Amino acid sequence: MSKLVFGCGYLGERVARRWHDAGHEVCVVTRRVDRTEEFRQRGYKPIVADVTRPETLLRLPVAETVLFAVGVDRTSSNSVYDVYASGLGNVLASLSVETERVIYISTTGVYGTADGAWVDELTRPNPQREGGQASLAAEQVLGGHPLGRRSVVLRLAGIYGPARIPFLKELREGRPIPAPVTGWLNLVHVDDAAAIVVAADDLKSFNDGPRIYCVSDGRPVERGEFYREVARQIGAPAPRFAEPEPKSPRAARAEANRRISNSRMMAELRVTLAYPTYQAGLRAAVDTRNQ
């Protein structure tokens, strides 16, 4: 079966690899011609296209599953809305009617502030930041398209893993971390996130979607405790904290202060997390980086 991946980056490439290793034909879309040979060497079929330019999407291959995991290029003039909502709409308009499933990578940023309360799929979205607002708009685009009825929305918590541990340099150098010491962090290791995408693809056929799942390890941790554990694992001094600039993205994330439940994900997708705790995930990430 053929898989089509938009956004073959930190998460998307790991999903593509799993599908390829399982024997599927994997086509990946990139805006960059210079990456096509790299993708060919990994066994994928590269397609040069841009989700913000519909004319580049006219000859997409027929695929059983389409993964939309596109990130925003901060050097581009395109807005987050252009990439997430309009970009997904452009892709949906270009897909074959034979497409069985679209999987959209969204974010728990679609929720509002929670004052430490638990949040799940039944919690009403109320995004306060641009990324969450654009992600929710993209979810609505998918929900209004015929393919949405047999598709999946994955609202991901913070992804971490090899080469993606926040404030690692500051911790090594003993510099203050520009983040509050209090408030909840919700996390999922990138390898577990990739496994969850594959599990979402393996769901039996349905026609009542989009099916929505909150994706996290289900064990929120307070910020201070998380960074103390990172410091311990890399042999750095105990962390020091500095309040982030008011109205900065870091301050806005801290204000959300929510705990994400993964109960529906665990019950319906039936995944076994390789890293069910942030301590285990950090150990693997640190080992991969030869820390």
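Treat the numbers as computed from the prediction; the structure is a model and nothing was measured.
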Would Leu187 and Val221 count as a side chain to side chain contact (heavy atoms under 4.5 Å, CB included) here? Give the steps. CA-CA 8 Å; Leu187 302 164; Val221 57; 4.1 Å; yes
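- In this structure, the side-chain hydrogen bond (donor to acceptor under 3.5 Å, both in side chains) partners of Ser79, at least two apart in sequence or on a different chain, are Asp82.
- Annotation: side chain of Val5 is not in contact with side chain of Phe68 (no heavy-atom distance under 4.5 Å).
- The list of side-chain hydrogen bond (donor to acceptor under 3.5 Å, both in side chains) pairs with a residue in residues 8-18, not counting sequence neighbours, reads Glu13-Arg17, Glu13-Arg42, Glu13-Tyr44, Arg14-Asp191.
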Start with the C-alpha distance between Arg283 and Gln279, add both sets of side-chain angles, then the distance that settles side chain to side chain contact (heavy atoms under 4.5 Å, CB included), and finish with yes or no. CA-CA 6 Å; Arg283 281 194 293 272; Gln279 295 96 329; 3.9 Å; yes
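- Counting only distance, with no hydrogens or angles, the side chain of Ser151 and the backbone of Leu147 share a donor-acceptor pair below 3.5 Å.
- The cluster map of Ile, Leu, Val, Met, Phe, Trp and Tyr, joined by side-chain heavy atoms under 4.5 Å apart, puts Val70 and Val29 in the same cluster.
- Sorted by first and then second residue, the pairs that involve residues 97-109 and meet side-chain hydrogen bond (donor to acceptor under 3.5 Å, both in side chains), not counting sequence neighbours, are Ser106-Glu139.
- A distance of 13.5 Å separates CD of Glu225 from OG1 of Thr182, quoted to the nearest 0.5 Å.
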List the steps and the verdict of side chain to side chain contact (heavy atoms under 4.5 Å, CB included) for His20 and Glu25. CA-CA 6 Å; His20 176 267; Glu25 178 183 79; over 6 Å; no
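- For Thr56, the side chain to side chain contact (heavy atoms under 4.5 Å, CB included) partners two or more places apart in sequence, or in a different chain, are Ala49, Asp50, Arg53.
- Put simply, the side chain of Pro162 does not reach to within 4.5 Å of the side chain of Val286, judged on heavy atoms.
- Under the ring pair (Phe, Tyr, Trp, His ring centres under 6.0 Å) criterion, Tyr213 pairs with no residue, sequence neighbours left out.
- Taking each heavy atom of Ile165 and Ala285 in turn, the nearest pair found is CD1-CB, 3.8 Å.
- In this structure Asp21 satisfies the side-chain hydrogen bond (donor to acceptor under 3.5 Å, both in side chains) test with no other residue, sequence neighbours excluded.
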In a table with atom names and distances, give each donor-acceptor pair under 3.5 Å that connects a side chain of residues 260-267 to protein atoms at least two apart or in another chain.
residue, atom, partner, partner atom, Å
Ser261, OG, Ser263, N, 3.3
Ser261, OG, Ser263, OG, 3.2
Asn262, ND2, Ser216, O, 3.0
Asn262, ND2, Asp217, O, 3.3
Arg264, NH1, Ile212, O, 3.2

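- Side-chain contact check for Trp184 versus Glu222: some heavy-atom pair is nearer than 4.5 Å.
- In this structure the side chain of Ile47 never reaches within 4.5 angstrom of the side chain of Thr30, judged on heavy atoms.
- Here the closest heavy-atom approach between residue Val80 and residue Gly131 is recorded as CG1-CA, 4.1 Å.
- Between Gly71 and Val83, the closest heavy-atom pair is O-CG1, 3.8 Å.
- The two residues Pro220 and Trp118 make their nearest non-hydrogen contact at CD-CH2, 3.5 Å.
- A side-chain donor-acceptor contact under 3.5 Å links Tyr111 to the backbone of Asp120.
- In this structure Arg259 satisfies the salt bridge (Lys or Arg N to Asp or Glu O under 4.0 Å) test with no other residue, sequence neighbours excluded.
- Atom CG of residue Leu57 and atom CZ of residue Phe6 lie 6.0 Å apart, to the nearest 0.5 angstrom.
- For the atom pair CG of Asn207 and CZ of Arg150, the computed distance is 7.0 Å after rounding to the nearest 0.5 Å.
- A donor-acceptor contact shorter than 3.5 Å is absent between the side chain of Asn186 and the backbone of Ala157.
- Here the side chains of Ser135 and Pro127 are not in contact, with every heavy-atom distance at 4.5 Å or above.
- Taking the centre and axis of the six-membered ring of Phe206, the NZ or CZ atom of Arg211 falls inside the cone set by 45° and 6.0 Å.
- Side-chain heavy atoms closer than 4.5 Å link hydrophobic residues (I, L, V, M, F, W, Y) into clusters, and following such links, even through other members, never connects Val15 to Val91.
- Between Ala195 and Val271, the shortest heavy-atom distance links the atoms O-CG1, 4.5 Å.
- Neither Val51 nor Ile103 shares a network with the other; the hydrophobic side chains, linked directly or stepwise wherever heavy atoms of I, L, V, M, F, W or Y lie under 4.5 Å apart, form separate groups for each.
- Minimum interatomic distance between Leu171 and Pro166 (heavy atoms only, all atoms of both residues): CD1-O, 4.5 Å.
- Residues passing the side-chain hydrogen bond (donor to acceptor under 3.5 Å, both in side chains) test with Asp73, sequence neighbours excluded: Arg31, Thr75.
- With a 4.5 Å cut-off on side-chain heavy atoms, Phe39 and Cys8 count as touching.
- Clustering of Ile, Leu, Val, Met, Phe, Trp and Tyr by side-chain heavy atoms under 4.5 Å joins Leu58 with none of the others.
- Under a hydrophobic-cluster definition in which Ile, Leu, Val, Met, Phe, Trp and Tyr are linked whenever side-chain heavy atoms come within less than 4.5 Å, directly or via other members, Val110 and Tyr84 are assigned to different clusters.
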Using side chain to side chain contact (heavy atoms under 4.5 Å, CB included), reason through Arg149 and Leu142 one step at a time and then give a plain yes or no. CA-CA 9 Å; Arg149 294 188 59 81; Leu142 180 58; over 6 Å; no
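- Side-chain atoms of Ile196 and Leu273, non-hydrogen and from C-beta on, do get closer than 4.5 Å to each other.
- With hydrogens and angles disregarded, no donor-acceptor distance shorter than 3.5 Å links the side chain of Asn257 to the backbone of Ala114.
- Judged purely by atom type and a 3.5 angstrom limit, Glu130 has no side-chain atom pairing as donor or acceptor with the backbone of Tyr81.
- Judged purely by atom type and a 3.5 angstrom limit, Arg258 has no side-chain atom pairing as donor or acceptor with the backbone of Asp115.
- Linking Ile, Leu, Val, Met, Phe, Trp and Tyr whenever their side-chain heavy atoms come within less than 4.5 Å leaves Val188 and Tyr227 in two separate clusters.
- Residues Glu170 and Pro176 have side chains not in contact (no heavy-atom distance under 4.5 Å, counting atoms from C-beta outward).
- For residues 141-160, the set of pairs meeting the ring-ring contact (aromatic ring centres under 6.0 Å, His included) definition, not counting sequence neighbours, comprises Tyr160-His189.
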Under 3.5 Å, which donor-acceptor pairs link side chains of residues 59-67 to any protein atom two or more places apart or in another chain?
residue, atom, partner, partner atom, Å
Glu64, OE1, Lys3, NZ, 2.8
Thr65, OG1, Lys3, NZ, 3.3
Thr65, OG1, Asp201, OD1, 2.6
Thr65, OG1, Asp201, OD2, 3.4

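- Of the possible donor and acceptor atoms, one in the side chain of Asp192 sits under 3.5 Å from a partner among the backbone N and O of Ala274.
- For the atom pair Cys214 SG and Arg155 CZ, the distance stands at 6.0 Å (nearest 0.5 Å).
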